[in-house]
Amino acid sequence: MKYDVIIAGGGASGMTAAITAAGRGCSVLVLERMEKLGKKILATGNGRCNLTNSFLDQDCYRGEKPGFPYSMLEQFGVPETLDFFQSMGMLTTDLDGYYYPASMQASTVVDTLAGKIKSLDIDVKTEALVEEIKKIKDTFYIKSGKDQYQGRNVILAAGGMAQEKLGSNGSGYGLAKSLGHTVTDLFPALVALESGEPFFKYLAGVRNGSSLSVYVNGQKKVSQEGEVQFTKYGISGIPVFQVSRYAIDALRKKKKVEIILNLMPEQITLKEMMEYFRKVGSYKTAEEFLQGFMNKKLAFTVLNRLKIRPETSVKELGQKELRQIRTMIQKFTVPISGYKGFDMAQVTAGGVSVKEVMEGTLESKIHRGLYFTGEILDVDGTCGGYNLQWAFTSGYIAGNQIKAGNQ
Ligand SMILES: Cc1cc2nc3c(=O)[nH]c(=O)nc-3n(C[C@H](O)[C@H](O)[C@H](O)COP(=O)(O)OP(=O)(O)OC[C@H]3O[C@@H](n4cnc5c(N)ncnc54)[C@H](O)[C@@H]3O)c2cc1C
């Protein structure tokens with residue numbers, strides 16, 4: 001049998017493509033290397049699956065051509081995605097623009113997509129690693145173990161290489177290269193950053209609402225705000241994930257990277273701190289005074305970095321020391337020496353060059369009938385539902401190009 005389309009990878013984008021193509025009357029085969037479809041989705045959004053986001057601007061996606069996804073997001077964006085899931089009986093919950101399944105369980109998203117696939121009689125083979133794709137005349141020949149399949153079209157939806165245990169192991173890049181495509185520099189994104197500073201061992205476990213900015217060779221590049229998590233190796237948490245790509249890109253170019261944290265972005269101004277100091281501070285130690293408005297371990301570290309003894313009486317602190325303390329709180333500088341690997345990253349930066357793929361259809365410019373969807377492409381989104389949205393958008397766009405052989 002020759003399928004209208006064979007989809008390599010049954011993740012978020014592959015399943016969306018399969019449903020869309022089958023909905024157009026096409027015969028579809030999904031080949032998935034894991035034992036189940038959509039395993040990675042189960043881990044998304046801390047098991048709740050943040051599937052999209054109502055906010056969108058030009059900074060939400062990155063890559064060689066950061067503008068590449070936007071025209072397609074106009075075709076199939078947030079409202080269409082919500083309708084798509086609603087049409088399969090899954091409602092969503094909007095938490096300040098961040099969308100989740102109404103059940104707040106990622107398994108609902110997988111069950112919804114897999115259930116629809118079953119209802120459409122789409123052929124699915126699990127534990128089926130696609131090892132080779134060849135095109136001879138108008139037919140794609142796909143090898144998986146001892147089996148060989150034929151398709152009029154192929155959608156390469158094999159994901160990136162973040163967290164291999166969840167399925168995508170980077171094998172899709174090899175398949176793309178074997179078909180003549182270029183794969184850009186690959187590195188982990190949405191990942192924690194490492195610092196060699198000794199105080200991190202002490203700070204491990206502290207969480208603090210902070211604003212932070214990435215400085216590359218002394219130049220400010222990007223800022224974020226949110227809860228920063230201090231770990232024994234450095235910093236983590238959503239605001240760190242959001243800026244990690246800029247820091248990693250610069251580190252890979254051997255540039256100097258620092259993150260400057262404001263440990264008290266809103267809570268207290270210098271004026272208020274001085275007033276508080278004058279009013280109630282006089283009988284306290286410097287550490288007790290700082291603990292009044294920040295985490296104890298952070299208070300200790302701030303003083304320690306300034307070489308002010310924590311037990312110093314606040315009466316002994318002059319304007320100069322107070323100013324130094326204020327500066328250390330507002331400009332807590334962390335030299336960045338490294339970053340965590342693909343095993344801890346949420347997405348892969350880089351991928352199949354979008355210069356070789358048609359914007360608007362996702363068809364290869366090299367082979368007619370070959371399409372790419374999701375993370376395998378050089379498109380990575382920020383945290384907040386943007387990567388899954390891209391997976392659904394691109395899956396729909398590619399699936400919608402496939403015509404049934406009898407049409
Ligand atoms: C821990 C974690 C949390 C995340 N949370 C969020 C979130 O809340 N919101 C968000 O938007 N994004 C999130 N992401 C990112 C998001 O999950 C991915 O970007 C998205 O799943 C990519 O979809 P995809 O279809 O391109 O790839 P995947 O969903 O990774 O699917 C690719 C599939 O292809 C299969 N495969 C790979 N190679 C082959 C092969 N050679 N043959 C056969 N099958 C193959 C894999 O097993 C896999 O099932 C998170 C990622 C991680 C790791």
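Just follow the structure's listing: the first ligand is 1, and inside any ligand the first atom is 1. We count residues from 1, following the sequence as given.
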Notebook entry, point to check: Strictly by modelled atom types, are N153 and Y3 linked by a side-chain donor-acceptor pair under 3.5 Å?
Noted result: no
Margin query: Between R245 and D380 (salt bridge meaning N to carboxylate O under 4.0 Å), is one present in this structure?
Written below: yes
Check: atom 18 (C) of ligand 1: which of K165, E132, Q389, E375 has the nearest heavy atom?
Finding: E375
Margin query: Closer than 4.0 Å to some heavy atom of A391 - which atoms of ligand 1 meet that?
Written below: 23 (O)
Margin query: Once you measure the plane-to-plane angle for F230 and F200, does it fall in the parallel (<30°), tilted (30-60°) or perpendicular (>60°) bin?
Written below: parallel
Item checked: Side chain D378, main chain G63, donor-acceptor under 3.5 Å -> no
Check: Between S394 and T373, is any side-chain donor less than 3.5 angstrom from a side-chain acceptor?
Finding: no
Check: For atom 27 (O) of ligand 1, which candidate among C49, G159, A43, S144 provides the closest heavy atom?
Finding: G159
Next item on the list: Indicate whether the side chain of E356 and that of T182 have a donor and an acceptor atom separated by less than 3.5 Å.
Entry: yes
Next item on the list: Return the residue, atom name and 0.1 Å-rounded distance of the protein heavy atom closest to atom 37 (C) of ligand 1.
Entry: A158 O, 3.2 Å
Next item on the list: Could you tell me the residue and atom name of the protein heavy atom closest to atom 42 (N) of ligand 1, and the distance to it rounded to 0.1 Å?
Entry: V130 N, 2.9 Å
Next item on the list: Find all atoms of ligand 1 within a distance of less than 4.0 Å from any non-hydrogen atom belonging to M34, and give their numbers and elements.
Entry: 47 (O)
Notebook entry, point to check: Given K39, Q163, E32, which has its nearest heavy atom closest to atom 46 (C) of ligand 1?
Noted result: E32
Margin query: Only heavy atoms of A128, strictly under 4.0 Å: list the atoms of ligand 1 that pass.
Written below: 42 (N), 43 (C)
Next item on the list: Under 4.0 Å from a heavy atom of K40: give me the atoms of ligand 1 that qualify, with their elements.
Entry: 17 (O), 21 (O), 30 (O)
